[in-house]
Amino acid sequence: MKLQIPTENYGKKVRQNSPQPLQVAQPMLANNKQEQFVLKVSMYSALLLAILGIAFGLSFKSSAIVFDGIVALVSVGLGLLSVITSRFVYREDDDVFQYGYVRFEPMVNLFKSLILIIVCVYALIGGVEDILNGGYTLQIDGAVLYTLCAFILCLVVFVFTRFFAKRLDSEFIGVDNVEWKIDCVLYFGALVAFGAIVWWDREQQSLWTHYIDPILLVLLSLFLAWTPVRIFLANLKDLMMIAPQELDNKITEVMESISVEYGFEDYDTHVAKSGRFFMIEVNLLITDSNAKMSVGEMDIIRNKIEQSLEIPSYKIWLLVSFTANPKWL
């Protein structure tokens with residue numbers, strides 16, 4: 001007979017006579033509220049950038065700036081998607097999603113990183129086409145003012161989201177931070193191009209000034225594309241349930257120690273990661289010496305495994321099974 005002992009965690013319904021999960025949930029709820037606040041700030045900042053771009057573009061009759069504002073509107077939609085999803089990831093399981101809502105996080109991050117990759121590829125293709133077509137003359141006056149305002153806004157939001165991404169260990173905020181980083185670098189590159197043109201050739205009579213902006217665009221898009229590609233691959237691994245090597249090594253180390261301490265004949269483990277959450281399954285093969293182990297003693301072993309992993313309990317879906325038949329390993 002296979003006895004399964006799950007830990008108290010984010011995915012299980014809490015009984016009213018069990019105070020420990022409620023205590024554990026407090027930092028979870030606090031972090032989730034902070035995460036949603038940061039995501040909302042990022043979303044509203046993107047909306048401000050969109051309004052700024054469209055207003056400047058229409059005022060100076062620049063289709064490029066208007067397009068930049070429209071791209072920012074897309075970011076608003078992605079930000080709203082993150083805010084909505086953030087509300088669900090800690091929600092308890094139900095009859096439809098019986099393993100909880102944890103799979104939504106890597107799905108959203110995968111989609112957002114794909115959009116960022118497309119933006120980088122689009123910028124790369126546009127820059128190459130402009131170079132092949134002989135470059136272009138920049139509209140300095142309105143473009144410089146808009147780019148400076150946009151850069152300052154993006155820089156402030158980038159620093160803000162970077163701080164909370166590290167503090168809350170949130171991949172949602174981390175992906176948003178990458179988006180603001182890309183915007184910062186692109187706007188800074190445009191300011192460098194404008195500065196070079198104003199300094200050396202304000203009238204843009206020299207042929208080389210026509211190539212400054214597209215060349216910078218190509219270089220920056222190549223440089224920036226790596227980060228969203230890395231995020232895309234990491235979340236793709238989560239959706240494919242590829243075992244994270246560090247966690248796999250850690251649980252193996254823990255179970256080697258537990259097996260020696262309690263005399264288990266063998267064990268088997270399965271690990272996976274989904275966004276910020278970890279799914280861990282442990283199967284232990286008992287022997288004659290520990291076959292009469294009580295449920296309380298099994299709970300002690302379960303607690304030792306959980307504590308040894310050094311991961312907050314609300315981020316783990318831990319299942320520990322005991323069997324006397326190797327078939328169930």
Side-chain angles (χ1 to χ4, degrees), residues 1-14 18 20-21 24-25 27-28 89-90 92-93 97-107 109-110 169-171 230-231 233-329:
M1 180 178 178
K2 186 176 181 181
L3 177 62
Q4 297 180 334
I5 308 177
T7 60
E8 301 89 355
N9 51 63
Y10 67 92
K12 292 298 178 184
K13 297 178 176 62
V14 179
S18 177
Q20 181 179 357
V24 172
M28 173 191 73
V89 291
Y90 286 111
E92 293 180 351
D93 56 0
F97 296 96
Q98 298 188 5
Y99 285 93
Y101 291 79
V102 297
R103 305 284 284 183
F104 282 82
E105 182 174 13
M107 289 173 61
N109 287 335
L110 185 79
D169 191 25
S170 168
E171 292 192 23
R230 179 175 55 81
I231 295 173
L233 293 176
N235 285 277
L236 182 62
K237 288 180 180 179
D238 285 1
L239 288 174
M240 295 176 65
M241 300 190 71
I242 296 177
Q245 191 62 47
E246 184 177 350
L247 179 60
D248 190 44
N249 293 338
K250 181 67 175 178
I251 190 63
T252 300
E253 178 185 336
V254 170
M255 294 316 303
E256 287 290 338
S257 176
I258 294 288
S259 296
V260 171
E261 182 178 356
Y262 289 92
F264 292 112
E265 185 175 337
D266 198 4
Y267 68 88
D268 186 33
T269 63
H270 299 88
V271 298
K273 178 177 174 291
S274 184
R276 72 195 72 186
F277 301 107
F278 302 90
M279 281 75 73
I280 304 169
E281 179 183 332
V282 178
N283 302 307
L284 288 163
L285 182 62
I286 61 177
T287 60
D288 293 337
S289 60
N290 49 30
K292 296 182 179 180
M293 185 180 297
S294 68
V295 174
E297 290 172 323
M298 293 179 180
D299 284 343
I300 292 174
I301 293 174
R302 183 276 311 274
N303 285 328
K304 280 191 174 184
I305 295 173
E306 181 185 34
Q307 293 171 7
S308 298
L309 290 171
E310 299 178 341
I311 302 174
S313 61
Y314 60 86
K315 288 188 176 183
I316 301 179
W317 188 292
L318 177 62
L319 183 65
V320 181
S321 303
F322 297 84
T323 180
N325 190 341
K327 170 186 176 181
W328 300 111
L329 289 182

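All values below were derived from every heavy atom in this structure, side-chain atoms included, with hydrogens, water molecules and symmetry-related copies excluded.
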Handout entry: Ile251, Thr252, Leu309 screened by side-chain contact (heavy atoms from CB on, under 4.5 Å) with Val271, the one that passes
Key =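 Of Ile251, Thr252, Leu309, side-chain contact (heavy atoms from CB on, under 4.5 Å) with Val271 is met by Ile251 alone.
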
Problem - Candidate pair Tyr262 and Glu297, rule side chain to side chain donor-acceptor pair (under 3.5 Å), full reasoning - result: CA-CA 10 Å; Tyr262 289 92; Glu297 290 172 323; over 6 Å; no

Exercise for the section: Count the heavy atoms belonging to other residues, nucleotides or ligands that lie under 6.0 Å from CG of Asn325, then report whether that count exceeds 12. Expected result: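 For Asn325, atom CG is crowded (more than 12 foreign heavy atoms under 6.0 Å).
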
Just list the side-chain donor-acceptor pairs under 3.5 Å for residues 239-246, sequence neighbours left out, or say none.
| from | atom 1 | to | atom 2 | distance (Å) |
| --- | --- | --- | --- | --- |
| Gln245 | NE2 | Asn249 | OD1 | 3.0 |

Exercise for the section: Dump the intermediate steps for side chain to side chain contact (heavy atoms under 4.5 Å, CB included) on His270 and Leu319, then the final yes or no. Expected result: CA-CA 10 Å; His270 299 88; Leu319 183 65; over 6 Å; no

Problem - Residue list, ring pair (Phe, Tyr, Trp, His ring centres under 6.0 Å) with Phe104, at least two apart or on another chain - result: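 Per chain and number, Phe104 pairs via ring pair (Phe, Tyr, Trp, His ring centres under 6.0 Å) with Phe97, Tyr101.
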
Would you say the side chain of [Y] lies within less than 4.5 Å of the side chain of [X], judging by non-hydrogen atoms?
| X | Y | result |
| --- | --- | --- |
| Leu247 | Ile311 | yes |
| Glu256 | Tyr267 | yes |
| Ile280 | Ile316 | yes |

[atom2] on [Y] to [atom1] on [X], rounded to 0.5 Å:
| X | Y | atom1 | atom2 | answer |
| --- | --- | --- | --- | --- |
| Ile258 | Lys304 | CD1 | NZ | 6.0 Å |
| Glu253 | Ser308 | CD | OG | 9.0 Å |
| Phe322 | Arg302 | CZ | CZ | 9.0 Å |
| Leu236 | Ile231 | CG | CD1 | 13.5 Å |
| Leu285 | Ser321 | CG | OG | 12.0 Å |
| Ser294 | Ile300 | OG | CD1 | 7.0 Å |

Problem - Side-chain donor/acceptor of Asp238 to backbone N/O of Gly275, under 3.5 Å - result: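 Yes, because the side chain of Asp238 sits within donor-acceptor range (under 3.5 Å) of the backbone of Gly275.
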
Practice task
Say whether, by atom type as modelled, one donor and one acceptor occur between the side chain of Ser274 and the main chain of Val102 under 3.5 angstrom.
Solution key: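 Confirmed, Ser274 side chain pairs with Val102 backbone.
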
Handout entry: Non-hydrogen atoms of Met279 and Lys273 that approach each other most closely
Key =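 Heavy-atom minimum between the residues: CE-C, 4.2 Å.
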
Problem - side chain to side chain contact (heavy atoms under 4.5 Å, CB included) evaluation trace for Leu110 with Met107 - result: CA-CA 5 Å; Leu110 185 79; Met107 289 173 61; 5.7 Å; no

Problem - Worked verdict on Leu284 versus Val282 for side chain to side chain contact (heavy atoms under 4.5 Å, CB included) - result: CA-CA 7 Å; Leu284 288 163; Val282 178; 4.1 Å; yes

Exercise for the section: Give a yes or no on whether a salt bridge exists between Glu306 and Lys315, defined as a side-chain N under 4.0 angstrom from a carboxylate O. Expected result: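 Salt bridge between Glu306 and Lys315, a charged N being under 4.0 Å from a carboxylate O: no.
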
Practice task
State whether Glu171 and Arg276 are salt-bridged, where the test is any N-O pair (Lys NZ or Arg NE/NH1/NH2 against Asp/Glu carboxylate O) under 4.0 Å.
Solution key: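 Salt bridge flag = no for Arg276 with Glu171.
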
Practice task
Please step through side chain to side chain contact (heavy atoms under 4.5 Å, CB included) for the pair Phe264 and Ile286, ending with a clear verdict.
Solution key: CA-CA 5 Å; Phe264 292 112; Ile286 61 177; 3.6 Å; yes

Exercise for the section: Please identify each residue that fulfils salt bridge (Lys or Arg N to Asp or Glu O under 4.0 Å) with Lys237, with sequence neighbours left out. Expected result: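 Per chain and number, Lys237 pairs via salt bridge (Lys or Arg N to Asp or Glu O under 4.0 Å) with no residue.
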
